[in-house]
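Data block below; observations after.
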Amino acid sequence: MPLSRRRLLALGAGTGVVAASGGLLAACSGNELRTGGTLVVGLPRLPEVLNPVHSTAESARWIADPVVEALYTYRDDTTIGPVLAGADPLIAPDGLSWTIRLRAGVRFHGGDPFTAEHVVDCLRRVGDPATAGDWAPWLAGRFGVIQALDAQTVRIELPRPFGALRAFLACLPIPHRATLGDPRALVGTGPFRLVSAAGAVVSLRRDPEHHGKAAPLEGIDFRVSADGVADLKADRVRVYPRPTPEQVRRLRKGDGTYVQAASGPADLVVLPNLRRPPFDNVAVRRALAFGMDRTRVSQEVYRGDAVIGQGPLGPGNEGWDPEYTPYGRGVSPTASPKPSPSATAGPTVEPERVTAMFGEAPVAGSPGVRFTLLAVVGDAAEVPDVARVLAEGWNRVGFTVVVEKVDSATWAARRRTGDFDVALVDLRGSGYAVGRTGFAVLSAAVSTSVDSTGYVNPELDRLVEQARGMADTARRATLTRVAGEIVARDAVVLPPVYPMGVVGRSGRVESVPVRQLAVGRVALAKLHLRG
């Protein structure tokens, strides 16, 4: 699967985002939008960490986003615009110095002025490997001198170009400097302030002193919901972010409950351990890729709310190419008689290609390879089902696979020591840190990354580093696309599907902005209740 000359030479091509919706409904007749009221949001569990400089976990960001703003944000058209910054950054010609002028008149909840010192302290924390936490893979070691030139101006000196910094600054909320060391603290400049985080409810209330347009809601409460579908139907909650595929099926059958979906960044990947035989052999990894029953995962697990996986980049990532199909097209032999449109355009299991790959790299017991698939169960409850379908498919084409379920902490420890064969991992938290860039999903293929699975390719490392240094979005997307094709060619990061971002809601609340959902955000602060 060599890279095409067209792709290698296309250094000026642009990029785009594909967003789709499922079950979108117009405003309910006679049920007008209104100002005020409290939106109740159901979560399977409340996060222990609320401070966004400590955690990029999805559930934590749902709570933090209305409270703690960033310097920049993704607009509905997926371009980046200023929020706490007063304008786009001023970047020196060599790319090694960024000057950011802050918006005037902004105050934190409680009245303290938002100044450059708060930005400086936050950036220093996430840039220090000792305190960076979840931000370490992306920002630790990336900054040189960070200083406040005056109360409204920040200067960032960089040891090497980091043109993608603005995309990261659109994902990094800036809390009050006094709260940086407290994982439970949540003090920002957003339209809502934290009033309570005790027991089974986290309560936010509208900040009347917010610098921007007043939020339509009076408050947002986050509650533990053991069954989000039942709670939506009973009107105990109005929004349930990221329901499981089974819950989505129930919501679509419900009366007064609706589903919204959008294709977003790749966030579900299969990672072979290249430090452990036989997956140090590219032919075996390609056999793994050709034997992956992506269509059945899409149909049986996600019921069509997923795009068939190809390369590591998904529809919401910069550099995604919908025409790039390294693992073939067609309908899987295990597919249902009437496959969904996303399945018929996707790849099929190709037993003959699996056999051919084994022939290129004979291994003990060929044509079969035995391995354990780690199913890393975090916020994505459907991971065990995906693992089961993949294992069944691989077992039919010559592999012998058993599935072992582990939690995120166990996976982190085993990843550090290299104690795994192949892992199925949800990257949702990483996506909250990197936005539309492809750096989270490519990280496992970068030899210098803490997430490396053992792949060593100087060309790939160079491309990714060059993409990180590129401020021009279109050119960065082109570099990322070429890097993604190298990773796909060598079967290093293998998404079975790109799951859509899905939100369940009651008819008592307006539709969630789909364009925000496509970049991994649920814009709760902008919603109106109905009736």
Side-chain angles (χ1 to χ4, degrees), residues 1 15-22 245 248-249 261-272 285-354 373 380 382-383 385-394 396-397 422 424-428 431 438 441-442 481 484-485 487-489 491-502 517-518:
M1 289 175 285
T15 185
V17 60
V18 174
S21 62
V248 169
R249 182 189 65 80
S263 290
D267 57 14
L268 185 70
V269 295
V270 169
L271 300 176
R285 299 196 303 273
R286 288 176 181 168
L288 195 73
F290 283 117
M292 185 181 288
D293 200 338
R294 296 166 172 84
T295 300
R296 190 172 163 218
V297 170
S298 175
Q299 292 178 345
E300 293 190 15
V301 179
Y302 290 98
R303 302 177 187 275
D305 286 323
V307 176
I308 296 294
Q310 292 281 359
L313 303 174
N317 290 126
E318 294 174 350
W320 181 62
D321 182 354
E323 297 182 359
Y324 180 59
T325 55
Y327 298 111
R329 290 182 179 271
V331 180
S332 166
T334 63
S336 61
K338 295 182 179 179
S340 68
S342 64
T344 58
T348 178
V349 173
E350 300 187 56
E352 69 284 355
R353 298 296 294 273
V354 175
L373 176 64
E382 69 271 18
V383 164
D385 288 332
V386 176
R388 172 185 54 79
V389 171
L390 291 177
E392 290 172 357
W394 281 323
R396 283 193 293 270
V397 294
V422 180
L424 175 66
V425 185
D426 174 56
L427 299 178
R428 222 169 283 174
V441 74
L442 293 174
R481 180 166 64 245
E485 292 183 14
V487 172
R489 177 197 68 192
V492 182
V493 178
L494 303 170
V497 296
Y498 313 119
M500 290 185 176
V502 181
L517 190 57

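Keep in mind that the numbers below use all heavy atoms, side chains included, and drop hydrogens, waters and symmetry copies. Since the structure is predicted, the reported quantities are computational estimates derived from the model, not experimental observations.
Among all heavy-atom pairs drawn from A491 and P272, the shortest one is O-CG, 3.9 Å. The minimum heavy-atom distance linking L390 with P496 is given by the pair CD2-CB, 4.2 Å. Nearest heavy-atom pair, L288 versus W394, reported as atom, atom and distance to 0.1 Å: O-NE1, 2.8 Å. Taking all atoms of both residues into account, the shortest heavy-atom contact from L424 to V383 is CD2-O, 3.6 Å. Residues S263 and V307 share a closest heavy-atom pair of OG-CG2, 3.5 Å. Smallest separation of non-hydrogen atoms from A488 and Y327: O-OH, 2.6 Å.
With contacts defined as side-chain heavy-atom distances shorter than 4.5 Å, the pair V269/P312 does not qualify. Side-chain contact check for T295 versus D293: some heavy-atom pair is nearer than 4.5 Å. With contacts defined as side-chain heavy-atom distances shorter than 4.5 Å, the pair V422/L271 does not qualify.
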(message) The test is side chain to side chain contact (heavy atoms under 4.5 Å, CB included); show your working for R286 and R489 and say whether it passes.
(response) CA-CA 8 Å; R286 288 176 181 168; R489 177 197 68 192; 3.7 Å; yes
(message) Determine whether Y498 and V441 satisfy the following criterion, side chain to side chain contact (heavy atoms under 4.5 Å, CB included), listing intermediate values before the conclusion.
(response) CA-CA 12 Å; Y498 313 119; V441 74; over 6 Å; no
(request) Start with the C-alpha gap between L494 and M292, add the side-chain angles, then the distance that decides, and say whether side chain to side chain contact (heavy atoms under 4.5 Å, CB included) holds. (result) CA-CA 9 Å; L494 303 170; M292 185 181 288; 3.8 Å; yes
(request) Kindly indicate, with the supporting measurements, whether the criterion side chain to side chain contact (heavy atoms under 4.5 Å, CB included) is fulfilled by V386 and Y302. (result) CA-CA 9 Å; V386 176; Y302 290 98; 3.8 Å; yes
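Comment: E392 engages R388 in a salt bridge, judged by a side-chain N to carboxylate O separation of less than 4.0 angstrom.
Here L442 contributes atom CG and L313 contributes atom CG; the two are 5.5 Å apart, rounded to the nearest 0.5 Å.
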